[in-house]
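Structure, as structure tokens:
When reading the values below, keep in mind they use all heavy atoms of this one structure, side chains included, and skip hydrogens, waters and symmetry mates. Lettering follows sequence order; numbering is per chain, from 1.
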Number of protein chains: 2
Amino acid sequence: MATNMYDAAYALQKAITENPDFQALKQQYQIVQADPQAKQLFDQFRGIQMELQNKMMQGQEITEMDNMKAQQIVMQVQQDPKITALMQAEQRVNMLIGDLNKIILQPLEDLYGPFMQS
Amino acid sequence: MATNMYDAAYALQKAITENPDFQALKQQYQIVQADPQAKQLFDQFRGIQMELQNKMMQGQEITEMDNMKAQQIVMQVQQDPKITALMQAEQRVNMLIGDLNKIILQPLEDLYGPFMQS
Ligand SMILES: [Ca+2]
Ligand SMILES: [Ca+2]
């Protein structure tokens, strides 16, 4: 009998939770959460990122002030080794999720051609 | 030993290709491809969809002319039973992919909270 699709998805979910890159991300996240100063800076950084993303998606202008605020927080973030380690761990997991998505969505790409990927 | 993550992803890929909704999508796609008139209309429809999407993403204005062109093609598409069947099949597969993504990305949601879902 064919593998049940949802069983396969849950098996993949489990494999992700056990993956060393995901485990490292979890650990780095907890390290940042446990340091009030790093946590505050990280939350500020995420807040500004989301604010700018929302503005761009709504076609609003990114002001000089927005850019200055963002640059200032990026500079602080780059000097915090706990946050930079977290961001590197995030990047590795994002790449991994991208690789998995490519595999999973291959049947659709085979059907529609590569233009559907974006 | 833990399930290999890539093995799990390929197992899911295989399960998707064997899924009845995906099989139906493939069949409907081939039915449209085999009908020159329906194929041309479907390609036009996709072309306009992508054009409007690109305009919106680049913050360009959607003109009255764009809207009229889009409405006209949508009306034609809605009258073609082969294309409407294809679009319904696409919708079912999109829902299925959405469900799978929810399962697979659960570990990340558990870590970051629901705000990361969008
Ligand atoms: Ca600190
Ligand atoms: Ca026809």
Side-chain angles (χ1 to χ4, degrees), chain A residues 1-23 25-30 33 42-43 46-47 50 53-62 86 89-90 93-94 96-97 99-113 115-116 118, chain B residues 1-23 25-30 33 42-43 46-47 50 53-62 86 89-90 93-94 96-97 99-113 115-116 118:
Chain A
M1 215 192 89
T3 321
N4 179 283
M5 205 179 53
Y6 290 95
D7 288 347
Y10 281 107
L12 180 54
Q13 183 196 84
K14 188 165 176 290
I16 290 170
T17 61
E18 290 166 356
N19 176 271
D21 285 336
F22 178 77
Q23 289 288 340
L25 170 61
K26 208 169 161 180
Q27 200 184 359
Q28 279 312 131
Y29 187 75
Q30 284 157 354
Q33 294 297 307
F42 183 66
D43 289 345
R46 274 293 134 87
M50 294 214 309
Q53 209 179 315
N54 283 341
K55 274 197 166 184
M56 281 191 284
M57 286 194 316
Q58 287 163 16
Q60 286 177 43
E61 204 194 343
I62 308 295
L86 172 56
E90 283 178 344
V93 169
N94 284 342
L96 178 155
I97 298 290
D99 287 347
L100 296 177
N101 258 321
K102 240 185 183 163
I103 295 169
I104 296 161
L105 298 179
Q106 187 68 47
L108 284 166
E109 199 191 313
D110 290 343
L111 191 57
Y112 283 100
F115 77 89
M116 287 290 287
S118 63
Chain B
M1 213 190 90
T3 321
N4 178 283
M5 207 180 50
Y6 290 96
D7 288 347
Y10 281 107
L12 181 53
Q13 183 195 85
K14 187 164 176 291
I16 291 170
T17 62
E18 291 165 355
N19 177 271
D21 284 337
F22 178 75
Q23 290 287 341
L25 171 61
K26 209 169 160 179
Q27 201 185 358
Q28 280 310 133
Y29 186 74
Q30 284 156 355
Q33 293 296 308
F42 184 66
D43 289 346
R46 274 292 132 88
M50 294 215 309
Q53 209 178 314
N54 284 339
K55 274 197 165 183
M56 281 191 286
M57 287 194 317
Q58 287 163 17
Q60 286 176 42
E61 203 193 343
I62 308 294
L86 173 56
E90 282 179 344
V93 169
N94 284 341
L96 179 155
I97 299 290
D99 286 348
L100 296 177
N101 257 321
K102 239 185 183 164
I103 295 169
I104 297 161
L105 298 178
Q106 187 68 47
L108 284 165
E109 200 191 312
D110 289 344
L111 191 56
Y112 283 100
F115 77 91
M116 286 291 287
S118 66

Identify the two heavy atoms, one from B:L100 and one from A:A9, that lie closest to each other, and give their separation to 0.1 Å. CD2-CB, 3.7 Å
Quick one: of A:V93, A:L96, A:T17, who has the most non-hydrogen atom pairs under 4.5 Å with chain B? A:L96
Separation of A:E18 CD from B:N4 CG (nearest 0.5 Å): 11.0 Å
Just wondering, more than 12 heavy atoms not from A:Q27 lying within 6.0 Å of its CD? no
Measure across B:K26 and A:L111 and return the closest heavy-atom pair with its distance rounded to 0.1 Å. CG-CD1, 3.7 Å
Nearest non-hydrogen partners of B:P107 and A:I16, listed with the distance: CG-CG2, 4.3 Å
Does any non-hydrogen side-chain atom of B:F22 lie less than 4.5 Å from one of A:M5? no
The interface call for A:N101 against chain B, heavy-atom contacts under 4.5 Å, is side chain
Other residues, nucleotides, ligands: >12 heavy atoms within 6.0 Å of B:Q60 CD: yes
Looking at CG of A:L108 and CG of B:L25, how far apart are the two atoms once the value is rounded to the nearest 0.5 Å? 6.5 Å
